[in-house]
Colleague: 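Take this structure first; my questions come after.
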Amino acid sequence: MDDNTLLDSFFQDARRQQIDDDGFSSRVMASLPQLQADLGRELRLSRLWTLFCIALAVVLFLCFTGWGELLTDFLVFVGTLPVNYNSLSVLLSLMVFSWLGIVVVARRVRLYL
Amino acid sequence: MASLGDIALITQVKVFGNKRAFDQLVRRYQSPVRRLLLNLTLGNQSLSDDLAQETFIKAYTHIGQFQGTSSFQTWLFSIAYRVFYDDRRRRREVSGDGREETNAASSSLHSPLSSVSTRIDIYQALSLLKDDERTCITLQLIDGEPIDRIAEITGIGQNTVKSHLRRGKEKLANYLRQNGYG
């Protein structure tokens, strides 16, 4: 018998050997590190989802003429205000807070982009 | 070249960090990787499982480096080979040359692969070989890898692989004949 045939016969069983998983895969999965890329990816997906929800809200707001409703309500509010010092200061405060709110939202949106 | 099924799973892991996809890859390839390391460690099951686990963790953390030009199994084998050699180097630094080899061989006498007719243990036979010879013999005669793929897995030149195979086969064949096999 030549060497190759001899060795072929000797290693026959070894070639057929299959090792049962026996929990090995679970142990590997439990040991996997949380990659920086995973964390970055999760954060990006989370931000994309938030941006999508904001965009959807804006589209729905415009489609259902929310802007018109808001403007009407604002004009009614302003029109029915008694003209005195207190109501003007309230109006000014509202305008300042609205402006601050817009600035904060714009900054957050810029961060996501 | 990686199979389409593997490519789909690997893409899931690379792009979306999909761990369930990686779990499927582990289940698919745990047997050949563990078997290779079991043969390289001469039947040391706990050591080979530790090295196999390290192999898959490295594969996960470096999945971005897999190009798809070779099969996923070849890539895993090349990682397993490096993990095994790094471990050997560490153990040599601690315990000195050769001692680990003997311990592993003596622990493998109850191997399920003992030949019934001649009682020659496969790990006993493999322990006669040098590390590179054993790696090449295991990859060719047990895992059925061609010479060019063995060269790719080990990073050794093809002519050197052929030399290791020739010497390894000679030693094994002589040992088997001396012990009445064949």
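Order of the sequence lines fixes the chain letters, A, B, ..., with proteins taken first and strands second; residue numbering starts at 1 for each chain.
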Colleague: Give, as side chain, backbone, both or neither, the part of D8(A) having an atom under 4.5 angstrom from any heavy atom of chain B.
Modeller: neither
Colleague: Evaluate whether atom NZ of K171(B) has more than 12 neighbouring non-hydrogen atoms of other residues, nucleotides or ligands under 6.0 angstrom away.
Modeller: yes
Colleague: Under 3.5 Å, is there a donor-acceptor pair between the side chain of R27(A) and the main chain of Q53(B)?
Modeller: no
Colleague: From M29(A) CE over to R20(B) CZ, what is the distance, rounded to the nearest 0.5 angstrom?
Modeller: 10.5 Å
Colleague: Looking at I19(A), is its backbone amide N or carbonyl O close enough to the side chain of Q30(B) to form a donor-acceptor pair, meaning the two atoms are under 3.5 Å apart?
Modeller: yes
Colleague: For the pair Q17(A) and I142(B), evaluate side chain to side chain contact (heavy atoms under 4.5 Å, CB included) and give the outcome as yes or no after the intermediate values.
Modeller: CA-CA 9 Å; Q17(A) 184 191 18; I142(B) 299 176; over 6 Å; no
Colleague: Would you check if F10(A) and Y175(B) make a side-chain contact, meaning some heavy-atom pair closer than 4.5 Å?
Modeller: no
Colleague: Between D3(A) and R177(B), is there a salt bridge with N-O shorter than 4.0 Å?
Modeller: yes
Colleague: Side chains of F11(A) and L172(B), heavy atoms from C-beta outward: is any pair under 4.5 Å?
Modeller: yes
Colleague: If you group Ile, Leu, Val, Met, Phe, Trp and Tyr by side-chain heavy-atom gaps below 4.5 Å, do L56(A) and F64(A) land in one group?
Modeller: yes
Colleague: Is there a side-chain contact between L176(B) and L7(A), using heavy atoms and a 4.5 Å cut-off?
Modeller: yes
Colleague: Taking all non-hydrogen atoms of both residues into account, name the closest pair between P33(A) and K19(B) and its distance.
Modeller: O-NZ, 4.1 Å
Colleague: For a 4.5 angstrom cut-off between non-hydrogen side-chain atoms, does S26(A) reach R27(B)?
Modeller: yes
Colleague: Would you check if S25(A) and F56(B) make a side-chain contact, meaning some heavy-atom pair closer than 4.5 Å?
Modeller: no
Colleague: At their closest point, which heavy atom of R15(A) faces which heavy atom of R35(B), and how far apart are they?
Modeller: O-NH1, 3.0 Å
Colleague: Within this structure, what is the OH-OG distance for the pair Y181(B) and S9(A), rounded to the nearest 0.5 Å?
Modeller: 3.0 Å
Colleague: Quick check against the 3.5 Å criterion: does R34(B) have a side-chain atom that pairs as donor or acceptor with the backbone of D20(A)?
Modeller: yes
